[in-house]
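When a residue number appears, it is its place in the shown sequence, counting from 1.
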Amino acid sequence: MDLQNRASFLAVKVDRPQNMDQVIAEIEENFRNSAAETETTDELDALHSVITEIADARTIAYSLRVVVPITALPIAATRWR
């Protein structure tokens, strides 16, 4: 797929929070079954997704901080024998 000249993120400002569900539904309906289908979320859901990704990356980093030294210890021990 040619991604040149395509938007990957659009922000829409809604006049009132009560209209959020209606705006999301209209956006989804306008792009349904098109070449440019959308995944529409509100700001809170988008923020939650980003925070979850950061937390996952942090968990991986902390795991590596434990696994790498534990893996390196037997290798270092065999060299000093």
Would you find a donor on one side and an acceptor on the other, under 3.5 Å apart, between the side chain of Thr71 and the backbone of Val67?
->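 Yes, because the side chain of Thr71 sits within donor-acceptor range (under 3.5 Å) of the backbone of Val67.
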Kindly indicate, with the supporting measurements, whether the criterion side chain to side chain contact (heavy atoms under 4.5 Å, CB included) is fulfilled by Tyr62 and Val66.
-> CA-CA 7 Å; Tyr62 285 140; Val66 172; over 6 Å; no
From [X] [atom1] over to [Y] [atom2], what is the distance, rounded to the nearest 0.5 angstrom?
X	Y	atom1	atom2	answer
Glu39	Ser49	CD	OG	8.0 Å
Gln22	Ile27	CD	CD1	11.0 Å
Asp21	Thr40	CG	OG1	11.5 Å
Ile51	Glu53	CD1	CD	11.0 Å
Glu43	Lys13	CD	NZ	11.0 Å
Thr52	Leu47	OG1	CG	9.0 Å

Group every Ile, Leu, Val, Met, Phe, Trp and Tyr by side-chain heavy-atom contacts under 4.5 Å, then state whether Phe31 and Val12 land in the same group.
-> yes
Please step through side chain to side chain contact (heavy atoms under 4.5 Å, CB included) for the pair Asn19 and Arg16, ending with a clear verdict.
-> CA-CA 6 Å; Asn19 295 337; Arg16 290 185 306 231; 3.5 Å; yes
Go through the steps for Ile24 and Met20 under the test side chain to side chain contact (heavy atoms under 4.5 Å, CB included), then give the verdict.
-> CA-CA 6 Å; Ile24 288 174; Met20 181 68 72; 3.9 Å; yes
Could you tell me which non-hydrogen atom of Thr41 sits nearest to which non-hydrogen atom of Ala46, and how far apart they are?
-> OG1-CB, 4.0 Å
